[in-house]
Structures are given as C-alpha cells and as structure tokens.
Amino acid sequence: MHDFVVNLFSTGSFIPHGHCYLWKPGLVWLHLTSDAIIALAYYSIPLTLFYFVRKRQDLPFSWIFLLFAAFIIFCGTTHIAEIWTLWHPTYWLSGIIKVATAIVSLFTAIELVLLLPQALALPSPLQLREANKALQTEIEERLRIENQLRRLQDELEQRVQARTAQLVKLNQQLQQEIDERQRAEAALRASRERLVLAQQVGKIGTYEWNLQTGELIWTEEMEALFGLAPGSFEGSNEHWLQRLHPDDRADADYAAQRTITQGAELDTELRIMLPDGRIRWVAAKAKIFADGGQPERLIGVNMDITEHKEVQQELQQTLQTLSTLIQASPLPIVVVEPNMTVRLWSLAAEQLFGWSAAEVLGQPIPLVPQEKPEKCCQFQEAIATGKVFTGVQKYHCQRDGSTVVVSISTTPLYDEQNNFKWILLIFQDITEQQAIEKMKNEFISIVSHELRTPLTAIQGFLGLLNTGIYDNRPDKAKRMIGQALTNSDRLVRLVNDILDLERLSSGRVQLIKEVCNAADLMQRAVEGVQSIALAAAVTILITPTTACVWACADLIIQTLTNLLSNAIKFSPRDSVITLSAQPQTDWVLFAVTDQGRGIPADKLETIFERFEQVDVSDARAKGGTGLGLAICQSIIQQHDGSIWAKSTLSEGSTFYFTLPIRVC
C-alpha cells in the first residue's frame, strides 16, 4: 500500500506536460487559462445546484441533482489535474482522478436514462389548470356541505334554546307560585300581629260560667265579639249556643260537657253568627276551677281569628295550586327536607326515575349521584342549607339500573315563620340532548376526516403536477390525474351519501308508501347492478315470491341495490348471490346472501354505524364511503322495520331486513 501511494505521487521518468508544448509561453498559458476557467465554472455549478435543492424541498428526484453536482465536481478536478501536470508529471494520480470521474459520469448517465420515463410522465401546465379547476369545484362543494352542517348545528341550537326557554318559563311560573305562597305567609304573620293588636282593641272576650247556679257572665269585650250591645247578653248557655253556627253547636256543646265532666281543658275553633248575618271564626279556650274537689266555675277566653282563617285558606289554596302545577309540569319536580326525606314526588319524576310517589314519600331520596365528590358535596350542602344550586349536570341511576343525565336547579321553601324547611328540586332530562351533541360532534369530526383524506390526495397530486417535473412524462402525469379523478369521484359519492343520510335522518325525505310487489322490487334492484355483476363474474339468483309490502318503492330499491353492490364487491369470481323475500305473519323478511369472505363477529354490531367498515383500506379501494349500510338502516327504520346481518368467516354473509306485509 505504501509503494502504491509513493508511486501515485511519484513523477518517475515522466516529463511534465509542458514539454509537449515546448514550454512556449503562449501555448502554456492558453491551456492553463482554459483549464482554470473550466474548473472554476465546474465548481460553481454544484454550488448553484446545492442552493437550488436546499430551497426547493418539495422538488422530486432531488438526488439526481446532487449526483449531477458530484459528476461536475469530478470533471472540474480533472482540469485542475491538467494544470498540475504542466509542471509535475504525476500521471498516475491524474489517471486515477479520470477513472473516478468516469465512474461517476457513467453512474450519472445510467440514472438519467432510468429516470427519463418518470420525468416524461409529469403533467403539462394545461393539465394542471384543468385539475386545479376540478379541485376548485370539489372545494366549493365541500364548503357547501360544511355550510349545510353548520345550518344543521344552528337548528339543533335553536331547538335547545327553545327547550331552555320553555324551562325558563316554567321556572318563572313556579317562582310566581312561590312568591304568592311567601306573600300568603307574610299575610299570615301580619294576621298574627293583628290578633295581638285585636286583644288591645276588644277582639278578645272572656266569660265565666257558674256551674252551681248556671249563671253565664260575659264581659263587654265578649259581647262586642259576638256583635251584641253592652249588657244585652241574656246570660244563659242556650243563648250562647244560639249564637253559634248551626253546624258547630253540637260539637261545642259536647266539648263543654266533656270539659265539665272530665275536667279536660277546652281548646277548639268555632264559627259565630253576628246579628247582621256575618260569620266570624273564634278560638275558644276554657278551664274548670273547683272548690273542695267539685267543679264550680268554667272560665273561658274567645278570640276572633277570622282573618287568620282567611289567610290560612288562601295559603291552602296557594299550596294546592302549587301542587297541581308541580304535578302537571312536564319537568320532574321533587320536594325534600334538609335530611333528604322526600315530601313531594311529581308524576314526571315517576316517569323519569321509575319510582312511584307511594314508594318514595317519607323515605330518603333514592337518586344516586355519579359525579365527582366535590360536586356531590355542593349538591348535598345546597339541600341541607337551602342554598340555590343551578346549572350543574349530574348523573342519577334509574330504578332499572340505567343512567340518566339531568340538569338540576334548587329553590328553598319556608314555613309560616319564614324558617327554611324544604328544598324544591327541578330536574331536566338532557340525556338525549347530550347524546345528540356527542353524536353530532363525532359525526362532524368523522366527516371532516373522510373529506380531508381524498382532498389531501388530490392536493398532493396537483402539487406535484404544478411543479412541472412531469411535463415531459405524459404517461405518468396521466396516471396521477387519473388518481386525482378517482379521489374526486369518491369525494362526490361521499358528499352525496352524507346528503342522503342527513335528509333521511332529519325526516326531510317524504315517504310515499304504497302496496309494492316484493318480486318486482327485487327484479328492479338486480337490473340496476347487473352490469357490475357481469364485470365481477358474479351470478345473482332471485327466489320467487308472491308477497307484497307497504313501502316507498324507490327507497327499498335503493336499499336492495346497496346490499347487492356490497355483496358483489366482496364476493369472489364465479360465485353466486341469492336474493329472497319470505312472507311472515306481520312482515316480509328480505335476505341478501353472498359467498364472500365473511364479517368478524365483533364487527357485526357496528357495521351499520356511520363510517364503520370491516376493512377500511379494502373498502375504499372498492369505492366504498362507509355510509351505505347506515343509509339502509335509516330507510328500513323509517318503514318501521329492522335490519341486521349474520356471517361466518370464509363462508359468506347474509343481510336481513323486514317490511310490513300487505295483501296484494
């Protein structure tokens, strides 16, 4: 190795190249200058190529530029060697440089030849403009779909706002009833104050009944209470009984005799009749006084409680009205004590939670919150202390073990002394609302992903075409445009399927049902897919039937077409697909059976969901959008039917659906 290196840089017996030019200055400088300029130019070109490749990161075949730069550097080095050998005859070194240059040159030439078909396949500017127009059309269609999705979201928000407005209105009505009750309580307290004042102005009278002589003595206040002039009372028990309401006389006499004979204190409420015909309520209290163990005197006090009774009646009416309103409310309403004991359980609460009022009244509230501990503590603290608690969503277990999501608001209720006594709970079932919002968000996310996938592919193809690298490769450019068109077709099918599914789900498709012959529906569906069946070398057999169904013919043909198309896509060549319709008691059972590869058991439960596919890549390769079975399910459900599938791996699948039977 040492000898090789020494020999490589040895001049030996060679003479410098300048001797060939006879060391003529003009000739030497001519070759020196030419080789130097060529070398300088060669070295500057790779720098330009390196800078170009660095700035154009998206440039296809960037490696060929770097290989070409290496080739140019070696070429420039050979010219530097030519200058060196003018004075130093190291021809072995010069030859080695030329060999390296030859190797790099040959490798570069071969790679250019191999790369030439790909370069020729790049699209022309005209093709790029046409592809850009198609992309712009697809983008406009996507924007239209997004606007429609936003409109659907706005409609959902409007429904939520309408429901919220209904709840606010009901809460306002309940608050009005609560305010009326509080006003009644305030009136009752005022009545008590007036009763105290009445004692000072003569609405409390006293009397004394001598049980030995039968003499009954009334004070002037007592006479005034009964509407009598001072001194006009005749002083007999019969006279007093005549002043009572006829319906109360027997009870009053019995109570008085019981007090006399048994020594019990008299404590009752009676109605008295004034001379002018008015009726007043009085509270009567009396007590026996005895001398020597024998009853001697009955001393009593009568107090006018008419206004108090009127306030109580108003309060009772208010409570009855409030109770009626609560029972009639579409929202579940519960009244509990601070210790969580149920005092009122509305009909709507029975329907929502599953427990009847008879089962829960007087018992601890059976609802089990499934929230974080701190939220549960806030809720329980609001019930225990009477704090207002609104705007929090909580989970409660229903009687059957299922879960319901509710929005809770609380309002404290007070007794006659304005003391906190109960808490009113108003629930709103938002389970379906949350499920809809979740489903909508998931649907929008999936749709965005599914739309983005073909758009990204189209954008990538058009970006490559726009670079111009395929201008001289029309075959390659044509294939890329074909791939872009394939993705455009899938995008259009996806948009159409989304629109069909949205119209079906929102009920905006008007079903025109009629009596349809099942055999005719199957025959028309088979005719629609016959061309793709022939191309796939698949045979479709129809089992004869005379059954008729009550359905929209066009939608059922669409359902059968979708099921048959799927069966054809995933069936091997020369296989058979069977289509049948068997009449049952109330239904006609349709079946589409294929001999394909089958569906895994864990996929059978989800294949009718949106964008759920057994093999996503294979389904997309066969033109599937992931919405066909979801559309079929929506159509059958709108016909009050059912749809399901059974499958065995490597043996095939059968899709069933039912439609209401009718007499032909």
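In what follows, every heavy atom counts, from backbone to side chain, and hydrogens, waters and symmetry copies are set aside.
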Just wondering, do [Y] and [X] contact through their side chains at under 4.5 Å, heavy atoms?
{"X": "Thr268", "Y": "Leu270", "answer": "yes"}
{"X": "Val406", "Y": "Gln428", "answer": "no"}
{"X": "Val342", "Y": "Gln363", "answer": "no"}
{"X": "Phe608", "Y": "Ile643", "answer": "yes"}
{"X": "Ile288", "Y": "Glu265", "answer": "no"}
{"X": "Val334", "Y": "Val360", "answer": "no"}
{"X": "Val282", "Y": "Leu225", "answer": "yes"}
{"X": "Leu347", "Y": "Glu350", "answer": "yes"}

Residues Arg343, Glu337; criterion salt bridge (charged side-chain N to carboxylate O under 4.0 Å, His left out); working and verdict: CA-CA 7 Å; Arg343 288 304 173 196; Glu337 294 180 353; 2.6 Å; yes

Check against side chain to side chain contact (heavy atoms under 4.5 Å, CB included), Thr559 and Phe657: CA-CA 10 Å; Thr559 300; Phe657 66 88; 4.3 Å; yes

No-hydrogen, no-angle side-chain donor-acceptor test under 3.5 Å, Gln637 and Ser634: no

Ring geometry between Phe353 and Trp345 (parallel below 30°, tilted from 30 to 60°, perpendicular above 60°): tilted

Trace of the side chain to side chain contact (heavy atoms under 4.5 Å, CB included) decision for Ile599 with Phe655: CA-CA 11 Å; Ile599 302 171; Phe655 282 80; 3.9 Å; yes

Stepwise side chain to side chain contact (heavy atoms under 4.5 Å, CB included) check, Arg278 with Met273: CA-CA 6 Å; Arg278 290 181 298 157; Met273 301 177 62; over 6 Å; no

Donor-acceptor check, side chain of [X] to backbone of [Y], threshold 3.5 angstrom: yes or no?
{"X": "Ser653", "Y": "Ser647", "answer": "no"}
{"X": "Glu514", "Y": "Ala551", "answer": "no"}
{"X": "His245", "Y": "Asp247", "answer": "yes"}
{"X": "Asn302", "Y": "Gly205", "answer": "no"}
{"X": "Gln638", "Y": "Ile635", "answer": "no"}
{"X": "Arg249", "Y": "Leu244", "answer": "yes"}

Find the distance between [atom1] ([X]) and [atom2] ([Y]) and round it off to the nearest 0.5 Å.
{"X": "Leu266", "Y": "Lys285", "atom1": "CG", "atom2": "NZ", "value": "9.0 Å"}
{"X": "Arg271", "Y": "Ile305", "atom1": "CZ", "atom2": "CD1", "value": "11.5 Å"}
{"X": "Lys287", "Y": "Asp267", "atom1": "NZ", "atom2": "CG", "value": "12.5 Å"}
{"X": "Ile204", "Y": "Met222", "atom1": "CD1", "atom2": "CE", "value": "11.5 Å"}
{"X": "Leu424", "Y": "Leu344", "atom1": "CG", "atom2": "CG", "value": "8.0 Å"}
{"X": "Phe427", "Y": "Leu331", "atom1": "CZ", "atom2": "CG", "value": "11.0 Å"}

Stepwise side chain to side chain contact (heavy atoms under 4.5 Å, CB included) check, Leu425 with Val336: CA-CA 8 Å; Leu425 308 176; Val336 298; 4.3 Å; yes

Which atom names give the shortest non-hydrogen contact between [X] and [Y], and what distance separates them?
{"X": "Gly227", "Y": "Leu274", "value": "N-CD2, 3.8 Å"}
{"X": "Tyr207", "Y": "Ala286", "value": "OH-CB, 3.6 Å"}
{"X": "Ile607", "Y": "Ala645", "value": "CD1-CB, 3.9 Å"}

From Val549, Ile556, Val588, residue fulfilling side chain to side chain contact (heavy atoms under 4.5 Å, CB included) relative to Cys516: Val549

Passing candidate, side chain to side chain contact (heavy atoms under 4.5 Å, CB included) with Trp644, options Thr658, Leu604, Thr654: Thr658

